[in-house]
Amino acid sequence: MKKGFIIILSLVMLVGVSSSAYAHSGRLDKNGGHNCSAKSIKKGLCTGYHYHKKRS
């Protein structure tokens, strides 16, 4: 029983860590967006300018 709990807990933690892998703390301009870094573009994470906050 204890072994099963540890396995389930490990899987839940693994899913939680992998789902936040694409978050980044890039600096935002006054519109709430910014240009992708060359490194992010190369990895296929984003292309060009994008927003993080809703525009008014």
query = Given Ser10, which of Ile8, Ile7, Ile6 fulfils the side-chain contact (heavy atoms from CB on, under 4.5 Å) condition?
reply = Ile6
note = Interatomic distance, CD1@Ile41 vs CG@Asn35, rounded to 0.5 Å, equals 8.0 Å
ask   = Do His34 and Arg27 come within less than 4.5 Å of each other through their side chains, counting heavy atoms only?
value = no
inquiry  = Distance alone, cut at 3.5 Å: any donor-acceptor contact between the side chains of Asp29 and Tyr49?
reply    = yes
key: Set of residues satisfying side-chain contact (heavy atoms from CB on, under 4.5 Å) with respect to Lys39, sequence neighbours excluded   = Ser37, Lys43
